[in-house]
Chemist: 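Structure in structure tokens, see below.
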Amino acid sequence: MDLAANLETIQQRVNAACNRANRAPESVTLQAVTKGQSAETIREASKLGLRLFGENKIQEAKIKIGQCPGNLRWHMIGHLQSNKCRDAVHFFEMIQSVDSLSLAEEINKWANKSAKTMPILLEVNIAGESSKFGYKPNQLLTELAQINALKKIEIHGLMTIAPWTPEPEKVRPIFQKLRQLKEQCDQILGAPLPHLSMGMSGDFEIAIEEGATIVRIGTALFGARARSKKQDEPANEI
Ligand SMILES: *Cc1c(COP(=O)(O)O)cnc(C)c1O
């Protein structure tokens, strides 16, 4: 694996997608998804200038965050159980995977106890895949005001995982729907949410064309991961 070369290629592809969409390259943040990667690999990535990292399991993240000093920023991107909220609030700068009011309330409780405010994204299951976590769009619109009322939570935007497909063009409607849903949320909240976290190794260029502000990239940076449990992986093809 040549991390520097992979990063260079990805940055060029990000820039080209931004050009096509008339967007400033600075409006897209590349998030390195480091699940399954060693702390050494993460430190190497940070030396190349990567700052934002994503992990999807609390236990794994806790250990590696401790092994990676410096000004690295960490977001929780995997399904969060309520009994892990305390750690999630402690170890992460943002939780991207909030998918219920009860989870938001639990995060709010622990943020309050640690006297901090927790930035979150709301995860939406746009394609309605049974294998994935995330809000149904209507449910999100129903609960949005209640989540927004939680004092120690700050909603920064929406996140989605598109279905896996060998033809990324097929998932463009998923990204368009997330953007439209954000516009509906902006209306309800009376202010624009800054972030759309969408796009992964196979589809980030399309996501950028449709307005992604955070793209979460693992495989294209670090190479294929060792096989992990099905529920952690974007698996269903459309
Ligand atoms: C694993 C993962 C990614 C990265 O997937 P790649 O296809 O390896 O780029 C992005 N987002 C989430 C939530 C993930 O679990």
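When a ligand or atom number is given, it counts from 1 through the structure's own listing order.
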Chemist: Without hydrogens or angle criteria, can the side chains of H79 and Q81 be said to hold a donor-acceptor pair below 3.5 Å?
Modeler: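 Their side chains do not contain a donor-acceptor pair, so the 3.5 Å distance test is not met.
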Chemist: Number the atoms of ligand 1 from 1 as they appear, then name those within less than 4.0 Å of a heavy atom of I77, with their elements.
Modeler: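 Checking each atom against I77, I get 11 (N), 12 (C), 13 (C), 14 (C).
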Chemist: Taking 4.0 angstrom as the limit and counting only heavy atoms of K35, give me the atoms of ligand 1 inside it, by number and element.
Modeler: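 Listed by number with element: 1 (C), 2 (C), 3 (C), 14 (C), 15 (O).
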Chemist: Number the atoms of ligand 1 from 1 as they appear, then name those within less than 4.0 Å of a heavy atom of R216, with their elements.
Modeler: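 Those of ligand 1 that fall under 4.0 Å from R216 are 4 (C), 9 (O), 10 (C), 11 (N), 12 (C), 13 (C).
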Chemist: Looking only at N/O atoms, are I217 and ligand 1 under 3.5 Å apart anywhere?
Modeler: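 N/O-N/O distance under 3.5 Å: no.
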Chemist: Using a 3.5 Å distance criterion without hydrogens, assess whether the side chain of Q31 forms a donor-acceptor pair with backbone atoms of F53.
Modeler: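 Flag set: sc Q31 to bb F53 pair under 3.5 Å.
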Chemist: Under a 4.0 Å N-O cut-off, is there an ion pair linking K132 with E123?
Modeler: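 Salt bridge absent between K132 and E123.
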Chemist: Report the distance from atom NZ of K57 to atom CE of M76, rounding to the nearest 0.5 Å.
Modeler: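 CE of M76 is found 9.5 Å from NZ of K57.
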Chemist: Can a non-hydrogen atom of R225 be found less than 4.0 Å from any atom of ligand 1?
Modeler: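 Yes; R225 lies near enough to ligand 1 that a heavy-atom distance drops under 4.0 Å.
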Chemist: Could you tell me which atoms of ligand 1, counted from 1 in the order shown, lie closer than 4.0 angstrom to a heavy atom of T219?
Modeler: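 Listed by number with element: 6 (P), 7 (O), 8 (O), 9 (O).
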Chemist: Can you list the steps and then say if R86 with E106 is a salt bridge (charged side-chain N to carboxylate O under 4.0 Å, His left out)?
Modeler: CA-CA 8 Å; R86 177 190 196 159; E106 192 66 16; over 6 Å; no
